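The block underneath contains the structure these notes are about, expressed in C-alpha coordinates.
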Amino acid sequence: MSEQSPAEDTREGYPGALPEYAERVLEVAERIPPGRVMTYGDVAEWLEDEGGEREAPSGKGGGRRVGPRQVGRVMALYGGAVPWWRVVRADGALLPGHELRALDHYRAEGTPLKEAGRSAEGHLPRLDMRRARWDGGTVAEVHT
(Lines give C-alpha, C1' and ligand atoms only; values in the text may rest on other atoms or scores of the structure.)
Protein backbone atom coordinates (compact mmCIF):
# COMPACT_ATOMS: atom_id res chain seq x y z
CA MET A 1 0.00 0.00 0.00
CA SER A 2 3.05 2.17 0.27
CA GLU A 3 5.28 3.45 -2.47
CA GLN A 4 8.37 2.50 -0.49
CA SER A 5 10.63 -0.34 -1.57
CA PRO A 6 10.57 -3.46 0.58
CA ALA A 7 13.51 -3.93 2.91
CA GLU A 8 16.06 -6.47 1.77
CA ASP A 9 15.63 -9.96 3.11
CA THR A 10 18.48 -11.50 5.05
CA ARG A 11 17.49 -15.13 4.47
CA GLU A 12 19.98 -17.03 2.36
CA GLY A 13 18.86 -18.29 -1.02
CA TYR A 14 15.80 -16.04 -1.23
CA PRO A 15 16.83 -12.69 -2.64
CA GLY A 16 13.83 -10.38 -2.74
CA ALA A 17 11.72 -12.73 -0.60
CA LEU A 18 9.67 -11.37 2.27
CA PRO A 19 11.17 -11.43 5.75
CA GLU A 20 9.75 -14.34 7.74
CA TYR A 21 7.91 -12.10 10.21
CA ALA A 22 6.25 -10.26 7.29
CA GLU A 23 5.08 -13.57 5.83
CA ARG A 24 3.59 -14.51 9.20
CA VAL A 25 1.75 -11.19 9.53
CA LEU A 26 0.31 -11.61 6.03
CA GLU A 27 -0.73 -15.20 6.82
CA VAL A 28 -2.72 -13.96 9.82
CA ALA A 29 -4.38 -11.27 7.66
CA GLU A 30 -5.43 -13.96 5.18
CA ARG A 31 -7.03 -16.03 7.98
CA ILE A 32 -9.40 -13.27 9.08
CA PRO A 33 -12.87 -14.20 7.81
CA PRO A 34 -14.87 -11.85 5.60
CA GLY A 35 -16.90 -9.42 7.69
CA ARG A 36 -14.47 -9.58 10.61
CA VAL A 37 -11.37 -7.58 11.58
CA MET A 38 -8.31 -7.77 13.83
CA THR A 39 -6.36 -4.81 15.13
CA TYR A 40 -2.65 -4.38 14.51
CA GLY A 41 -2.13 -5.28 18.18
CA ASP A 42 -4.35 -8.37 17.84
CA VAL A 43 -2.16 -9.63 14.99
CA ALA A 44 1.03 -9.03 17.00
CA GLU A 45 -0.48 -10.85 19.98
CA TRP A 46 -1.65 -13.71 17.76
CA LEU A 47 1.91 -14.18 16.49
CA GLU A 48 3.23 -14.34 20.06
CA ASP A 49 0.48 -16.70 21.22
CA GLU A 50 1.13 -19.03 18.32
CA GLY A 51 4.77 -19.29 19.38
CA GLY A 52 5.76 -17.39 16.31
CA GLU A 53 7.83 -14.35 15.64
CA ARG A 54 8.55 -12.38 18.81
CA GLU A 55 11.29 -10.26 17.34
CA ALA A 56 11.69 -8.61 13.99
CA PRO A 57 15.10 -7.85 12.53
CA SER A 58 16.05 -4.26 13.29
CA GLY A 59 18.67 -4.03 10.58
CA LYS A 60 21.28 -3.08 13.18
CA GLY A 61 22.35 -6.47 14.43
CA GLY A 62 19.58 -6.90 16.99
CA GLY A 63 15.92 -7.59 17.13
CA ARG A 64 12.94 -5.67 18.37
CA ARG A 65 9.66 -6.93 19.71
CA VAL A 66 6.95 -7.28 17.10
CA GLY A 67 4.07 -5.03 18.11
CA PRO A 68 1.28 -3.05 16.47
CA ARG A 69 3.68 -0.63 14.76
CA GLN A 70 5.67 -3.44 13.15
CA VAL A 71 2.45 -5.11 12.00
CA GLY A 72 1.32 -1.78 10.52
CA ARG A 73 4.66 -1.41 8.73
CA VAL A 74 4.35 -4.88 7.23
CA MET A 75 0.82 -4.12 6.09
CA ALA A 76 1.91 -0.80 4.57
CA LEU A 77 4.80 -2.37 2.66
CA TYR A 78 3.42 -5.77 1.69
CA GLY A 79 -0.31 -5.88 2.52
CA GLY A 80 -1.69 -5.13 -0.93
CA ALA A 81 -1.91 -8.82 -1.84
CA VAL A 82 -3.99 -9.80 1.22
CA PRO A 83 -7.30 -8.51 2.62
CA TRP A 84 -5.60 -5.44 4.14
CA TRP A 85 -8.91 -3.86 5.11
CA ARG A 86 -9.36 -6.56 7.77
CA VAL A 87 -6.32 -5.39 9.79
CA VAL A 88 -7.36 -2.14 11.42
CA ARG A 89 -6.81 0.50 14.08
CA ALA A 90 -8.17 -0.31 17.52
CA ASP A 91 -10.46 2.74 17.48
CA GLY A 92 -12.33 1.49 14.39
CA ALA A 93 -11.35 4.47 12.22
CA LEU A 94 -10.94 3.67 8.55
CA LEU A 95 -7.42 3.61 7.11
CA PRO A 96 -6.49 7.19 6.18
CA GLY A 97 -6.13 7.58 2.44
CA HIS A 98 -7.95 4.32 1.76
CA GLU A 99 -11.27 4.99 3.48
CA LEU A 100 -13.54 4.64 0.46
CA ARG A 101 -11.87 1.46 -0.86
CA ALA A 102 -12.02 -0.08 2.61
CA LEU A 103 -15.64 0.98 3.05
CA ASP A 104 -16.57 -0.75 -0.21
CA HIS A 105 -15.00 -3.98 1.11
CA TYR A 106 -16.71 -3.66 4.50
CA ARG A 107 -20.10 -3.14 2.93
CA ALA A 108 -19.62 -6.02 0.48
CA GLU A 109 -18.59 -8.35 3.32
CA GLY A 110 -21.24 -7.18 5.79
CA THR A 111 -18.69 -5.95 8.32
CA PRO A 112 -20.49 -4.24 11.22
CA LEU A 113 -20.17 -0.46 11.01
CA LYS A 114 -21.21 2.44 13.19
CA GLU A 115 -22.67 5.22 11.11
CA ALA A 116 -21.00 8.58 11.58
CA GLY A 117 -22.84 11.43 13.17
CA ARG A 118 -23.56 14.51 11.11
CA SER A 119 -20.80 16.39 12.91
CA ALA A 120 -18.18 13.72 12.09
CA GLU A 121 -15.53 14.87 9.64
CA GLY A 122 -16.32 13.47 6.19
CA HIS A 123 -19.37 11.64 7.60
CA LEU A 124 -17.52 8.32 7.27
CA PRO A 125 -18.61 5.44 9.47
CA ARG A 126 -16.29 3.59 11.82
CA LEU A 127 -16.01 -0.11 12.34
CA ASP A 128 -18.18 -1.46 15.13
CA MET A 129 -15.23 -3.09 16.90
CA ARG A 130 -17.37 -4.83 19.50
CA ARG A 131 -19.19 -6.78 16.78
CA ALA A 132 -16.57 -6.95 14.02
CA ARG A 133 -13.47 -7.94 16.00
CA TRP A 134 -12.29 -11.50 15.48
CA ASP A 135 -10.28 -13.28 18.17
CA GLY A 136 -8.73 -15.82 15.82
CA GLY A 137 -10.98 -18.62 17.03
CA THR A 138 -13.64 -20.53 15.19
CA VAL A 139 -15.19 -18.63 12.35
CA ALA A 140 -18.46 -17.28 13.68
CA GLU A 141 -21.41 -15.65 12.01
CA VAL A 142 -21.09 -11.89 11.68
CA HIS A 143 -23.75 -10.01 13.69
CA THR A 144 -25.28 -7.39 11.43
Side-chain angles (χ1 to χ4, degrees), residues 1-11 14 16-60 62-144:
M1 309 248 316
S2 172
E3 299 293 326
Q4 299 174 358
S5 299
E8 290 197 27
D9 189 5
T10 58
R11 291 185 295 158
Y14 297 98
L18 291 176
E20 184 177 344
Y21 77 94
E23 288 180 7
R24 293 183 51 82
V25 167
L26 298 178
E27 287 171 4
V28 173
E30 289 178 325
R31 295 174 84 173
I32 303 169
R36 304 302 296 267
V37 299
M38 290 179 90
T39 68
Y40 298 109
D42 291 341
V43 172
E45 187 176 319
W46 171 276
L47 292 174
E48 280 192 26
D49 288 348
E50 291 294 307
E53 204 67 38
R54 294 184 193 277
E55 291 190 355
S58 68
K60 296 185 180 182
R64 65 178 181 263
R65 187 172 174 83
V66 175
R69 288 180 189 240
Q70 289 74 32
V71 170
R73 178 88 172 139
V74 167
M75 293 304 294
L77 291 174
Y78 310 110
V82 299
W84 53 266
W85 58 93
R86 296 182 193 152
V87 181
V88 302
R89 293 173 33 167
D91 66 0
L94 305 186
L95 183 64
H98 302 278
E99 298 95 341
L100 297 180
R101 285 183 34 211
L103 192 55
D104 286 344
H105 288 291
Y106 298 139
R107 287 183 172 148
E109 293 181 356
T111 308
L113 299 169
K114 288 183 177 180
E115 290 302 322
R118 296 189 68 131
S119 63
E121 186 176 331
H123 303 290
L124 288 173
R126 287 182 176 254
L127 292 160
D128 183 341
M129 295 301 292
R130 184 182 58 77
R131 293 174 36 220
R133 199 169 195 169
W134 186 58
D135 66 4
T138 306
V139 177
E141 287 292 315
V142 176
H143 302 92
T144 56

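Here the structure is a predicted model, which means the values were calculated and not measured. This chain uses plain numbering: 1 for the first residue, then up along the sequence.
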Checking side-chain contact (heavy atoms from CB on, under 4.5 Å) for the pair Arg86/Trp134: CA distance, chi angles, key distance, verdict? CA-CA 10 Å; Arg86 296 182 193 152; Trp134 186 58; over 6 Å; no
Please determine whether side-chain contact (heavy atoms from CB on, under 4.5 Å) holds for the pair Val88 and Tyr106, giving the CA-CA distance in whole Å, both sets of side-chain angles, and the decisive distance to 0.1 Å. CA-CA 12 Å; Val88 302; Tyr106 298 139; 3.4 Å; yes
Kindly determine whether Val25 and Val82 satisfy side-chain contact (heavy atoms from CB on, under 4.5 Å), including the steps that lead there. CA-CA 10 Å; Val25 167; Val82 299; over 6 Å; no
Distance-minimising heavy-atom pair for Pro112 and Ala132: CD-CB, 3.7 Å
Atom pair CZ/CG of Arg126 and Leu113 - distance to nearest 0.5 Å: 12.0 Å
Can you name the nearest heavy-atom pair linking Pro34 to Glu109, along with the distance? CA-OE1, 3.6 Å
Can you give me the closest heavy-atom contact between Met129 and Asp91, atom names plus distance? CG-C, 4.4 Å
Could you measure the distance from the CH2 atom of Trp84 to the CZ atom of Arg101? Nearest 0.5 Å is fine. 4.5 Å
In this structure, CE of Met38 is separated from CD of Glu45 (nearest 0.5 Å) by 8.0 Å
Backbone of Thr39 reached by a side-chain donor or acceptor of Asp42 within 3.5 Å: yes
Shortest non-hydrogen separation from Ala29 to Pro83 and the atoms involved: O-CG, 3.6 Å
On the 0 to 90° scale, with breaks at 30° and 60°, tag the Trp85-His105 ring pair as parallel, tilted or perpendicular. parallel
When rounded to the nearest 0.5 angstrom, what distance separates CG in Leu124 from CG in Leu100? 6.0 Å
Could you tell me whether the side chain of Glu30 and the main chain of Glu27 form a donor-acceptor pair under 3.5 Å? no
So does Arg133 get a backbone contact from the side chain of Arg36, meaning a donor-acceptor N/O pair under 3.5 Å? yes
Which atoms form the tightest heavy-atom contact between Arg107 and Pro125, and what is the distance? NH2-CG, 4.2 Å
Apply side chain to side chain donor-acceptor pair (under 3.5 Å) to Asp128 and list each qualifying residue two or more places apart in sequence or on a separate chain. Arg131
Find the distance between CZ (Arg69) and OH (Tyr40) and round it off to the nearest 0.5 Å. 12.5 Å
Heavy-atom pair with the smallest gap, counting every atom of Leu47 and Val28: CD2-CG2, 3.8 Å
